[in-house]
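To start, the structure under review is shown below, and the notes come after it.
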Amino acid sequence: MADTGNRLRKLLESPNFDPQSYVKQLSQQSDGDRDLQEHRQKIQTLADETAQNLKKNVYKNYRQFIETAKEISYLESEMYQLSHILTEQKSIMESITQSLLSTDKDEAAKEMLAAFPKETEEVKQRTLTTLLEKVEGCKNIMETPGRYLVYNGDLLEYDADNMSQIQKVHAFLMNDCLLIATWLANRRGAVKYKYNALYDLESFAVVNVKDNPPMKDMFKILMFPDSRIFKAENSKIKKEWLEILEETKKNKVAKDKHKKEEEVPTSPVRQEVSTNPFDEDEPLDSEELVDLSPEWIQELPEDLDVCIAQRDFEGAVDLLDKLNEYLKEQPVSPRVKELRGKVDERVRQLTEVLVFELSPDRSLRGGPKATRRAVSQLIRLGQSTKACELFLKNRAAAVQTAIRQLRIEGATLLYIQKLCNIFFTSLLETAREFETDFAGNTGCYSAFVVWSRSVMKMFVDAFSKQVFDSKESLSTAAECVKFASEHCMQLSEIGLDLTFILQSLLVKDIRAALQSQKDIIIEATRHRNSEEMWRRMNLMTPEALAKLKDEMRSCGISSFDQYTGEDCWVNLSYTIVAFTKQMMAFLEEGLKLYFPELHMVFLESLREIILVAVQHVDYSLRCEQETEKKSFILQNASFLHETVLPVVEKRFEEGVGKPAKQLQDLRKSSRAVRVNPESTMSVV
């Protein structure tokens with residue numbers, strides 16, 4: 001039979017095995033239905049063996065699977081950090097390229113001036129007027145005095161998301177703004193274009209787009225939170241656009257600065273000499289005390305726009321700190337207020353970007369450390385409360401996602417072990433990261449405690465759904481609760497004790513499980529009582545007797561040997577022995593689930609279970625007339641009252657920490673009944 005099974009196994013495992021030809025050949029060779037049934041039984045046996053071996057191998061290698069998954073998770077986190085590092089390096093390289101390009105701007109401007117003589121402002125205005133006559137909807141453009149044309153040309157606009165071409169436009173760069181006009185499909189006379197948008201030079205930043213075919217000769221206009229991408233005809237025209245845009249923006253900043261300086265009267269004003277010795281010198285005008293001429297202050301709004309666009313959050317906050325330090329002791333003036341207004345708008349934009357970085361819609365990979373960059377910058381901006389709220393929302397979403405992605409295994413205890421490992425490990429990492437990020441903000445710790453309770457409720461919902469809603473046995477539920485409690489106690493190493501919260505969330509389900517198991521035991525005991533014949537047990541074999549002794553010894557009943565007789569006989573009834581094992585198992589499982597809120601429920605359940613057996617023995621003593629059988633009942637009653645009940649009371653006191661007075665009263669009252677079996681007193 002074994003040789004036949006091995007041959008069949010080798011045949012099915014062969015690489016050239018063809019099921020259809022095999023079945024056809026088997027049908028031709030078989031004599032009848034019986035041969036096919038036997039062959040089917042062999043294949044089924046082989047399939048069962050294969051499934052059993054596969055299951056053993058899975059359990060055998062399960063630890064390796066867990067370690068491999070951890071290594072993959074660590075590798076994924078490292079790759080995410082590496083991606084961040086590469087992005088930062090790319091930003092640095094682009095900033096270096098921009099700085100190198102800026103050093104050559106003066107020479108390029110001189111060459112352009114030498115090649116193209118500078119036109120007068122009047123000629124430029126006439127040229128602009130002539131060109132704008134071709135644009136529909138921009139009659140009011142020339143109403144601003146001093147506005148003239150600097151540069152213009154055709155461009156192609158592309159979608160920033162999918163890099164598809166949108167439309168053809170014509171751009172007019174003036175000394176204070178940029179006009180974008182679209183081409184008209186149906187031209188009317190001299191009108192070629194239609195007004196699309198007008199941007200003030202201070203409202204946008206220009207960013208070079210690196211050539212990456214098919215994306216070539218492109219540059220980006222950033223008006224946070226929007227942006228537009230344009231493509232020039234060739235690289236030369238693109239370079240001209242970038243250089244002239246940058247130069248025009250600088251000229252406007254210098255012109256505005258010069259204009260403001262001219263507004264301050266420079267002619268000396270003769271002051272009247274006062275002869276009053278009590279007159280004090282009047283303070284100088286605050287405008288004269290605030291020096292906003294440094295180049296870095298003039299370019300600060302634009303530099304902030306570039307930092308936000310390049311995701312250089314640290315650089316943006318450093319610039320803000322530098323400005324605040326510079327203006328810390330300066331008097332408030334209209335120029336300072338104007339600068340503050342521009343900077344506050346950039347701060348609002350930077351805050352929005354950092355908030356988006358921490359939103360749960362973003363990728364949750366990388367663990368709590370991946371949020372440190374955005375959180376630290378928000379704290380530096382004085383937004384610690386918002387940073388705390390967003391950080392905790394992000395981690396709650398990560399925990400919820402991890403729990404949702406956990407596969408529900410067939411074995412409940414295995415699933416609970418995975419669930420506890422994922423949840424409490426994530427909670428511990430979050431707590432440590434929170435302590436690192438918010439070390440100087442003790443007011444945020446209360447928010448973390450509230451958050452811990454909310455995610456603990458999330459964990460308990462998943463826990464209860466798998467353990468209690470699926471009607472698992474009380475022993476399985478006890479092991480699961482014990483495992484979760486042990487993990488919860490590990491949080492105390494960081495000063496976080498959530499044991500009470502875990503118990504308060506589980507008390508309802510545990511109470512229901514205890515009462516359900518109590519009802520099952522009472523029903524089973526009553527069923528056995530109804531079939532009670534009051535006969536001694538015969539275990540037939542010494543092995544069965546030894547096994548029963550070991551079970552009783554594990555229950556704490558060390559004196560069970562005195563109730564065993566010769567030839568595998570036990571001087572107790574099957575009902576009393578079965579009741580003892582079932583009740584002691586309930587006691588041990590209940591102690592694993594015990595906490596103070598369940599004291600009365602657990603104690604009353606034990607009392608009701610014991611009461612069923614005591615009342616049965618009491619009733620049998622009063623009803624039995626045969627002397628020999630009555631003596632046997634008294635022996636079982638003695639075992640129950642003198643051996644089992646004291647063990648129950650002792651074990652309960654050891655597990656709970658205080659004696660059970662109700663169980664003691666029950667044993668005393670039942671002893672009185674046993675001493676006087678003819679009495680009509682019954683146990684209530």
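Side-chain atoms are counted along with the backbone in the values below, which use heavy atoms only and exclude waters and symmetry mates.
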Quick one: side-chain hydrogen bond (donor to acceptor under 3.5 Å, both in side chains) partners of R526, sequence neighbours excluded? none
Within the 4.5 Å heavy-atom criterion, are F468 and F463 side-chain neighbours or not? yes
Considering residues at least two apart in sequence or located in another chain, which fulfil the side-chain hydrogen bond (donor to acceptor under 3.5 Å, both in side chains) criterion with E486? none
Let me have the donor-acceptor pairs involving side chains of residues 451-460, under 3.5 Å, with sequence neighbours excluded, atom names and distances please.
{"from": "W451", "atom 1": "NE1", "to": "L392", "atom 2": "O", "distance (Å)": "2.9"}
{"from": "S452", "atom 1": "OG", "to": "F448", "atom 2": "O", "distance (Å)": "2.8"}
{"from": "S454", "atom 1": "OG", "to": "W451", "atom 2": "O", "distance (Å)": "2.6"}

For H487, all residues meeting ring pair (Phe, Tyr, Trp, His ring centres under 6.0 Å), sequence neighbours excluded: F424, F483
Does a salt bridge link D318 with R380, judged by any charged N lying under 4.0 Å from a carboxylate O? yes
Can a salt bridge be assigned to the pair R528 and E532 using a cut-off of 4.0 Å between side-chain N and carboxylate O? no
Residues L572 and N636: closest non-hydrogen pair is CA-OD1, 3.5 Å
Those residues that, when tested against S426, pass side-chain contact (heavy atoms from CB on, under 4.5 Å) (two or more places apart): R395, V399, T430
Going by side chain to side chain donor-acceptor pair (under 3.5 Å), name the pairs with one or both residues in residues 644-657, residues two or more places apart or in two chains. E588-R651, E649-R667
Suppose the criterion is ring pair (Phe, Tyr, Trp, His ring centres under 6.0 Å): which pairs have a residue in residues 371-407, not counting sequence neighbours? none
Residue list, side-chain hydrogen bond (donor to acceptor under 3.5 Å, both in side chains) with Q400, at least two apart or on another chain: none
Residues that F560 engages under ring pair (Phe, Tyr, Trp, His ring centres under 6.0 Å), provided they are two or more places apart: none
Who passes ring pair (Phe, Tyr, Trp, His ring centres under 6.0 Å) against F652, sequence neighbours left out? H599, F602
Taken in chain and number order and not counting sequence neighbours, the residues that satisfy side-chain hydrogen bond (donor to acceptor under 3.5 Å, both in side chains) with R40 are none
Would you be so kind as to tabulate the donor-acceptor pairs closer than 3.5 Å made by side chains of residues 503-517, with sequence neighbours excluded?
{"from": "S504", "atom 1": "OG", "to": "F500", "atom 2": "O", "distance (Å)": "3.2"}
{"from": "S504", "atom 1": "OG", "to": "I501", "atom 2": "O", "distance (Å)": "2.8"}
{"from": "D509", "atom 1": "OD2", "to": "S464", "atom 2": "OG", "distance (Å)": "2.8"}

Assess the side chains of D48 and Q44: does a donor N or O sit below 3.5 Å from an acceptor N or O? yes
